Protein chains: 2
Amino acid sequence: MYLDEHERRRELYRLQAMLCQVLADPTRIELIELLGEGPKAVKELAQATGQRQAKISQHLAVLRQRGLVHAQRVGTEMHYSLTDSRILEACHLTRSLLLDQLLRQGELAESVLSERR
Amino acid sequence: MYLDEHERRRELYRLQAMLCQVLADPTRIELIELLGEGPKAVKELAQATGQRQAKISQHLAVLRQRGLVHAQRVGTEMHYSLTDSRILEACHLTRSLLLDQLLRQGELAESVLSERR
DNA sequence: TTCCTGTATTCGAATGCGCGAATATTCTAA
DNA sequence: TTAGAATATTCGCGCATTCGAATACAGGAA
């Protein structure tokens, strides 16, 4: 069960890819954002996102299985919350990366337009 | 072409998911890490990762199309480099998130083991 | 030109993912 | 106990992704 350094590094990359895969869905990102405001019931999440309940439950199951969120029964409801606030940080960092990309593309588009004038 | 705030937010989530999707592959993560050290030729990358050249080119094409890396001809070689160092930051943040998760799971496993003694 | 090296692309098969629809499950209240 | 509300799960389809294999392409040297 002991791996050499090379294999260990590669195994880490594999796990990291699985983590990123969880973040690679718009609905799950929105759920993470909403849960960043505090614990919420499934119904609330479905309402806030405008998605069907079954779909929300499916995505919550993915987040749960990967340990990103934690579920707690409260009467008949299930209250979900983030297990680690750094999940939010990761989301925000990738978003700022994205925004910079979009800005750059916007500048590129503008410069192309001004060349053509 | 103008979207209301709700639709704009959702469009942003969609783009962010696409960005995360790019980071959701172990080979691509390794390439990003390697390029974090500085520009490298395809051959070097293939050698460093131990993967076939065609596979590396395929993944580089994905990174290129999403604007994460930039390619430059140098003689007969193509030198790839990161377009933004924050890509590395994003990788490092998700990795530290992962490591914390693994640590927590390790502690959990240990506590379960000690209970059984 | 021809050969060789380095790189890119295409194709097909296998696998994985997200979704809607339908159905199960779990808890509370009556 | 039954009814109903909240949530979870299963199934099957369509779609995207990954990979190896084969091939194409581009530039330098002879």
Side-chain angles (χ1 to χ4, degrees), chain A residues 10-11 13-35 38-82, chain B residues 10-32 34-35 38-82:
Chain A
R10 190 140 310 170
E11 173 67 7
Y13 289 148
R14 200 181 61 81
L15 293 173
Q16 187 176 349
M18 287 174 65
L19 179 60
C20 289
Q21 178 66 33
V22 175
L23 302 180
D25 180 276
T27 302
R28 286 198 289 266
I29 293 174
E30 191 170 5
L31 290 177
I32 289 170
E33 290 290 337
L34 287 167
L35 292 178
K40 290 195 168 39
V42 177
K43 195 182 172 187
E44 288 180 82
L45 294 170
Q47 190 175 356
T49 58
Q51 312 269 8
R52 296 173 195 280
Q53 172 268 322
K55 183 170 166 181
I56 296 302
S57 275
Q58 285 171 3
H59 285 295
L60 286 172
V62 174
L63 293 169
R64 218 187 324 123
Q65 283 156 13
R66 300 293 199 237
L68 299 193
V69 302
H70 161 253
Q72 186 185 12
R73 265 224 116 79
V74 177
T76 175
E77 296 179 338
M78 290 295 270
H79 285 200
Y80 280 84
S81 50
L82 295 181
Chain B
R10 190 140 311 170
E11 173 66 6
L12 208 57
Y13 289 147
R14 199 181 62 79
L15 294 173
Q16 187 175 349
M18 288 173 64
L19 179 59
C20 288
Q21 177 67 32
V22 176
L23 302 180
D25 181 277
T27 302
R28 287 197 291 265
I29 293 173
E30 192 169 6
L31 290 177
I32 289 171
L34 287 168
L35 292 178
K40 290 194 168 36
V42 178
K43 194 185 173 185
E44 290 180 81
L45 295 169
Q47 190 175 356
T49 59
Q51 312 268 10
R52 295 171 195 283
Q53 172 268 321
K55 183 170 165 181
I56 296 301
S57 275
Q58 285 170 3
H59 285 295
L60 286 172
V62 174
L63 292 170
R64 218 186 325 122
Q65 283 157 13
R66 301 291 200 236
L68 299 193
V69 303
H70 161 252
Q72 186 183 11
R73 264 224 117 79
V74 177
T76 175
E77 298 179 337
M78 289 297 269
H79 286 199
Y80 280 84
S81 49
L82 295 180

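Numbered from 1 within each chain, the chains take letters A, B, ... in sequence-line order. Hydrogens, waters and symmetry mates play no part in the numbers below; they use all other heavy atoms, side chains included. Just so you know, these numbers come straight off a predicted model, no measurement behind them.
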remark   = A:L60 CG to C:dG18 P, in whole Å, measures 13 Å
ask   = When only distance counts, do a donor and an acceptor, one from the side chain of B:Q58 and one from the base of C:dT10, lie under 3.5 Å apart?
value = yes
query = Could you state the CD-P distance from B:Q72 to C:dG6, rounded to the nearest angstrom?
reply = 18 Å
remark   = B:D25 CG to C:dG16 C1', in whole Å, measures 13 Å
ask   = For DNA chain D, which nucleotides open and close the run of contacts to chain A, 5' to 3', at under 4.0 angstrom from a non-hydrogen atom?
value = D:dA6 to D:dT10
key: Distance in angstrom units between B:L45 CG and C:dG6 C1', rounded   = 13 Å
Option passing side chain to side chain donor-acceptor pair (under 3.5 Å) with B:Q51 (candidates B:Q47, B:Q53, B:K55) = B:K55
inquiry  = Does B:Q53 reach a base, just sugar-phosphate, or nothing at all? Heavy atoms under 4.0 Å.
reply    = base
request  = Provide the closest heavy-atom pair for A:A48 versus A:L34 in the form atom of the first, atom of the second, distance.
outcome  = CB-CD1, 3.8 Å
ask   = Whole-Å distance between C:dG18 C1' and A:I29 CD1?
value = 14 Å
note = Nearest heavy-atom contact between B:L35 and B:Y80 is CD2-O, 3.3 Å
task = Name the residue closer to the 5' end of DNA chain D, choosing between A:T76 and A:A54 according to the nucleotide with the nearest heavy atom.
result = A:T76
message = Hydrogens and angles aside, do A:E77 and A:H79 bring a side-chain donor and acceptor to less than 3.5 Å of each other?
response = yes
query = Starting at CZ of B:R52 and ending at P of C:dT10, how long is that distance when rounded to a whole Å?
reply = 21 Å
request  = Could you check how far NZ of A:K55 sits from P of C:dA22, rounded to whole Å?
outcome  = 17 Å
ask   = Between A:A24 and B:C20, which heavy-atom pair has the shortest distance, and what is it?
value = CA-CB, 3.8 Å
note = In short, A:R28 meets A:V22 closest at the heavy-atom pair NE-O, 2.7 Å
task = Keeping the roles fixed (side chain from B:R10, backbone from A:E30), state whether a donor-acceptor pair exists under 3.5 Å.
result = no
inquiry  = Could you tell me how far apart B:L63 (CG) and C:dA8 (C1') are, to the nearest whole angstrom?
reply    = 15 Å
inquiry  = Using heavy-atom distances to pick each residue's nearest nucleotide on DNA chain C, tell me which of A:R73 and A:R28 is more 5'.
reply    = A:R28
